[in-house]
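Here's the structure we're looking at; comments come further down.
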Amino acid sequence: MTSGSRTVLVTGGAGYIASHCIVELLNEGYQVVAVDNFANAVEDPQASGFPESLKRVEQITGKKCIFHKADMNDTQALNAIFQKHEIYCIIHCAALKAVGESVQKPLEYYKSNVGGSINLLMVARNAGVKRFVFSSSATVYGNPQYLPIDEKHPVGVGITNPYGQTKYMVEVILQDLHKSDAAWDIILLRYFNPVGSHESGRIGEDPQGPPNNLMPFVAQVAVGRQPELKVFGSDYDTKDGTGVRDYIHVVDLAKGHVAALKKFEKSFGLKVYNLGTGQGYSVLEMVEAFKKASGRDIQYRKVDRRGGDVPTVYGSAALAEKELNWKCEKGLDDMCRDLWRWQEQNPKGFANK
Ligand code: WQD
């Protein structure tokens with residue numbers, strides 16, 4: 001079988017990370033079956049039941065993407081998908097992802113992110129599909145004990161919210177699964193802070209309600225959807241007192257998934273890779289870079305620290321570079337320029353009402 005005829009199941013397929021992954025997969029000649037429950041997605045007004053984001057993915061790539069509406073906890077629906085398509089491997093991005101909300105609704109988060117993952121894994125196992133890429137997060141590292149964080153850094157200590165716990169728990173489940181049956185090939189991708197959008201400006205991050213994350217918030221200030229940015233904490237021990245993170249362009253991140261899939265050509269077990277740039281930027285540096293890219297002023301005000309935040313996080317992606325032959329090609333100006341293109345062309349996101 002050539003890679004061109006291989007079918008990749010992408011869960012959370014209508015979402016921010018997955019839709020960018022699907023562009024790269026289609027460009028590389030993979031077939032894609034996307035699944036999403038529309039918890040966080042907008043329908044194409046002309047084709048109900050099909051996500052607007054994937055309609056645009058098809059326009060960008062000139063290729064078709066198969067879509068099924070299903071929840072990860074719906075065993076029957078998942079079984080039907082695995083019966084209908086010959087799945088080569090799974091990229092599992094489906095999850096609830098709002099950190100603050102996870103503190104309010106822990107049961108919903110554990111059910112969706114942990115329960116949903118277990119259900120998907122059982123259905124996959126029963127169908128004989130044992131190649132799995134998991135969308136994990138640098139949040140599993142907790143408060144860094146050293147920098148840059150590499151994959152040997154301890155995990156599971158000092159995670160401050162249920163969302164982060166769910167990512168850690170699914171990692172543990174996958175480790176145990178692999179120990180029980182070496183036929184599983186599993187890749188855990190620990191993302192740092194994904195930002196930006198596809199350079200077409202046609203797809204991007206579309207938060208429902210006020211954004212929790214820095215860059216979508218900054219972009220909404222630039223178009224007047226939010227009055228001002230609150231900078232959470234200006235007394236950290238960092239270059240300018242504000243929090244430092246490792247922001248990675250979402251297209252680089254998506255290409256990291258395709259690089260990971262190539263590892264499945266030979267059986268290799270369970271592997272963990274950081275996907276980041278190795279470079280940290282402060283909140284104020286991000287604001288300045290976005291001002292430059294957009295030509296808009298960004299009003300901001302320094303306020304108290306946000307609970308659960310740590311001063312500085314950045315990772316080493318040396319292992320991914322060495323073993324996946326992958327490395328970030330895009331820098332801060334690209335991230336800001338592409339985010340701005342998406343925000344300016346779609347001031348209200350996919351709904352554009
Ligand atoms: C970045 C910096 C804030 C908003 C979180 C999750 C993580 C992952 C990504 C994903 C920090 C500051 C932010 C604002 C601000 N989750 N900030 N004003 O906290 O590194 O990671 O999102 O699905 O699991 O923990 O990202 O973008 O929220 O914050 O000053 O309005 O920006 O304090 O220093 P974070 P972030």
Side-chain angles (χ1 to χ4, degrees), residues 12 15-18 20 39-40 92-103 109 112-113 134-144 147 149 155-156 158-171 189-196 205-222 225-248 250 253 274-277 280-290 298-315 335-336 339:
Y16 173 48
I17 309 283
H20 286 83
N40 215 348
H92 180 38
C93 296
L96 298 176
K97 61 168 185 180
V99 170
E101 185 186 62
S102 78
V103 178
Y109 272 69
S112 168
N113 296 7
F134 179 56
S135 171
S136 190
S137 167
T139 199
V140 302
Y141 294 120
N143 194 355
L147 294 163
I149 303 174
V155 290
I159 300 174
T160 53
N161 57 77
Y163 163 79
Q165 295 288 5
T166 67
K167 291 289 167 189
Y168 172 63
M169 286 177 184
V170 175
E171 285 203 1
L189 297 179
R190 293 184 181 143
Y191 311 157
F192 283 72
N193 291 54
V195 296
E205 188 168 11
D206 184 19
Q208 310 296 304
N212 302 304
N213 296 115
L214 176 66
M215 293 311 283
F217 202 101
V218 168
Q220 290 197 6
V221 174
R225 262 178 89 180
Q226 300 291 342
E228 64 173 8
L229 170 73
K230 292 189 184 69
V231 175
F232 297 139
S234 49
D235 58 350
Y236 287 114
D237 184 15
T238 59
K239 46 191 135 185
D240 57 22
T242 66
V244 168
R245 296 290 182 275
D246 184 343
Y247 297 92
I248 171 172
V250 66
L253 187 85
N274 283 344
L275 296 183
T277 65
Y281 290 108
S282 73
V283 173
L284 295 183
E285 285 175 326
M286 296 304 288
V287 169
E288 277 312 309
F290 195 81
I298 309 293
Q299 293 286 329
Y300 69 83
R301 186 160 52 94
K302 295 176 177 174
V303 300
D304 286 347
R305 295 179 178 191
R306 180 172 69 178
D309 273 355
V310 300
T312 303
V313 180
Y314 57 91
M335 299 176 206
C336 292
L339 169 57

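Side chains included, hydrogens not; waters and symmetry mates left out as well; all remaining heavy atoms used. In each ligand, atom 1 is the first atom listed, and ligand 1 is the first ligand listed.
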_For atom 29 (O) of ligand 1, the protein heavy atom that lies nearest, with its residue and separation_ = R306 NH2, 3.4 Å
*Heavy-atom nearest neighbour in the protein, as seen from atom 20 (O) of ligand 1, with distance rounded to 0.1 Å*: R245 NE, 2.6 Å
*Judged by non-hydrogen atoms, does G164 sit under 4.0 Å from ligand 1?*
no
*asked:* Using only atom types and a distance under 3.5 Å, with no angle test, would you say the side chain of N274 pairs donor to acceptor with the backbone of I149?
replied: yes
_Less than 4.0 Å is my threshold; does some heavy atom of Y163 fall inside it relative to ligand 1?_
yes
*For atom 25 (O) of ligand 1, find the nearest protein heavy atom and state the residue, atom name and distance (0.1 Å precision).*
V99 CG2, 3.8 Å
_Sub-4.0 Å atoms of ligand 1 with respect to non-hydrogen atoms of V231_ = 30 (O)
_Measuring from atom 34 (O) of ligand 1, which candidate in S135, S137, G243, P194 has the nearest non-hydrogen atom?_
G243
_Partner of V195 by side-chain contact (heavy atoms from CB on, under 4.5 Å), out of R245, M335, E205_ = M335
*Enumerate the atoms of ligand 1 whose separation from the nearest heavy atom of T139 is less than 4.0 angstrom.*
24 (O)
*Hey, is the main chain of P311 close enough, under 3.5 Å, to the side chain of R305 for a donor-acceptor pair?*
no
*Determine yes or no for a side-chain-to-main-chain donor-acceptor pair under 3.5 angstrom, with D246 supplying the side chain and G315 the backbone.*
yes
*Return the residue, atom name and 0.1 Å-rounded distance of the protein heavy atom closest to atom 12 (C) of ligand 1.*
V283 CG2, 3.7 Å
*Please confirm whether the backbone N or O of Q226 pairs with a side-chain atom of E228, one donor and one acceptor, at under 3.5 Å?*
no
_Results of side chain to side chain donor-acceptor pair (under 3.5 Å) for N193 - residues two or more places apart only_ = none
*Under 3.5 Å between some N or O of ligand 1 and some N or O of L214?*
yes
_List the residues meeting side chain to side chain donor-acceptor pair (under 3.5 Å) with K302, not counting sequence neighbours, and say none if there are none._
none
*At a non-hydrogen distance cut-off of under 4.0 Å, which region of N193 contacts ligand 1 (side chain, backbone, both, or neither)?*
side chain
*asked:* Under a 3.5 Å distance rule, please check whether N40 uses its side chain to pair with a backbone N or O of L96 as donor and acceptor.
replied: no
_I need the contact type for L229 against ligand 1. Using non-hydrogen atoms and a strict under-4.0 Å cut-off, is it side chain, backbone, both or neither?_
side chain
_Would the distance check show the side chain of N161 and the main-chain N or O of G164 forming a donor-acceptor pair, the cut-off being under 3.5 Å?_
yes
*Can you tell me if Y109 uses its side chain to pair, donor with acceptor, with the backbone of A98 under 3.5 Å?*
yes
_Numbered atoms of ligand 1 (with element) below 4.0 Å of N212, judged on heavy atoms_ = 4 (C), 28 (O)
*Heavy-atom nearest neighbour in the protein, as seen from atom 1 (C) of ligand 1, with distance rounded to 0.1 Å*: Y247 OH, 3.4 Å
*Short side-chain donor-acceptor distance under 3.5 Å, Y191 and S135*: yes
*Between F232 and ligand 1, does any nitrogen or oxygen pair lie at a separation below 3.5 Å?*
yes
_For atom 33 (O) of ligand 1, what's the nearest protein heavy-atom neighbour? Residue, atom name and distance, please._
D309 OD2, 2.6 Å
*Among all protein heavy atoms, pick out the one at the shortest distance from atom 18 (N) of ligand 1; state its residue, atom name and that distance to 0.1 Å.*
K230 O, 2.7 Å
_Tell me the protein heavy atom at minimum distance from atom 9 (C) of ligand 1, and give that distance in Å._
N213 ND2, 3.7 Å
